[in-house]
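Presented below is the structure to which this report refers.
Source: prediction; values computed, not measured.
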Amino acid sequence: NNAVKPVISYLMAAMTKEPTISLNVYFVGKEVSKKQIEEWARGQNIPPAMVNQRQITLNFDQGKYDALTIKTKETKETKGTKGTKKTPLLILIRNGQSYPVDTGRF
């Protein structure tokens with residue numbers, strides 16, 4: 001959550017300024033539940049209105065991660081108080097092309 005929060009905050013601020021931007025969040029893993037996704041969204045302070053209006057979507061991956069056409073899907077390892085965690089993978093999709101975004105700049 002610590003690595004994700006500044007990224008989500010930055011993106012929500014950009015979405016407020018430019019309503020044509022949308023954010024689709026995909027949760028990878030077979031054990032992810034709807035309840036966990038809802039708790040995560042609350043922890044990120046994602047406004048329910050943005051979800052209800054589908055400006056932000058919260059989705060189960062369903063194989064989309066494996067289908068991405070980008071050169072690398074690697075994420076950075078970070079040291080946290082509870083061990084090593086991976087940072088989120090942020091991908092910009094424009095005109096059908098996928099581009100990884102460096103989350104270290106947020």
Side-chain angles (χ1 to χ4, degrees):
N1 285 341
N2 291 339
V4 176
K5 201 163 216 154
V7 175
I8 295 294
S9 294
Y10 177 87
L11 293 172
M12 284 194 308
M15 293 166 68
T16 301
K17 292 177 185 173
E18 181 54 57
T20 61
I21 297 172
S22 62
L23 175 63
N24 301 297
V25 180
Y26 290 90
F27 295 85
V28 179
K30 295 177 182 174
E31 292 82 33
V32 177
S33 70
K34 182 178 178 184
K35 181 180 177 183
Q36 288 173 311
I37 292 173
E38 290 168 352
E39 289 172 1
W40 177 86
R42 276 191 296 278
Q44 301 304 314
N45 299 318
I46 293 176
M50 289 181 113
V51 176
N52 293 337
Q53 295 166 359
R54 304 210 34 90
Q55 191 172 11
I56 296 177
T57 65
L58 306 171
N59 311 280
F60 293 100
D61 169 61
Q62 299 178 333
K64 288 181 174 45
Y65 177 79
D66 291 331
L68 288 173
T69 56
I70 56 175
K71 291 182 182 179
T72 181
K73 296 179 193 172
E74 294 177 11
T75 58
K76 295 179 184 176
E77 299 283 336
T78 58
K79 295 283 183 181
T81 56
K82 294 184 179 180
T84 302
K85 296 183 179 184
K86 290 188 174 187
T87 60
L89 177 62
L90 179 62
I91 300 167
L92 171 66
I93 300 175
R94 183 175 284 152
N95 298 325
Q97 296 292 317
S98 304
Y99 308 94
V101 176
D102 179 10
T103 57
R105 68 181 210 174
F106 294 99

Donor-acceptor contact present, side-chain Lys17 to main-chain Met12, <3.5 Å: no
Under 3.5 Å: donor-acceptor pair, side chain of Asn59, backbone of Val25: yes
Residue pair Ile37 / Val32: nearest heavy atoms and the distance that separates them: CG1-CG1, 3.7 Å
Set of side-chain contact (heavy atoms from CB on, under 4.5 Å) partners for Lys35, sequence neighbours left out: Ser33, Glu39
Val28/Phe60 under side-chain contact (heavy atoms from CB on, under 4.5 Å): CA gap, chis, key distance, verdict: CA-CA 7 Å; Val28 179; Phe60 293 100; over 6 Å; no
Test item: Phe27 and Gln36 side chains (from C-beta on) under 4.5 Å apart, heavy atoms: no
Side-chain (Gln55) to main-chain (Met15) donor-acceptor, under 3.5 angstrom: yes
Check: Leu23 and Thr57 side chains under 4.5 Å, non-hydrogen atoms: no
Interatomic distance, Ile8 atom CD1 to Ile56 atom CD1 [nearest 0.5 angstrom]: 7.0 Å
Note, Leu58 side chain near Glu38 side chain (heavy atom, < 4.5 Å): no
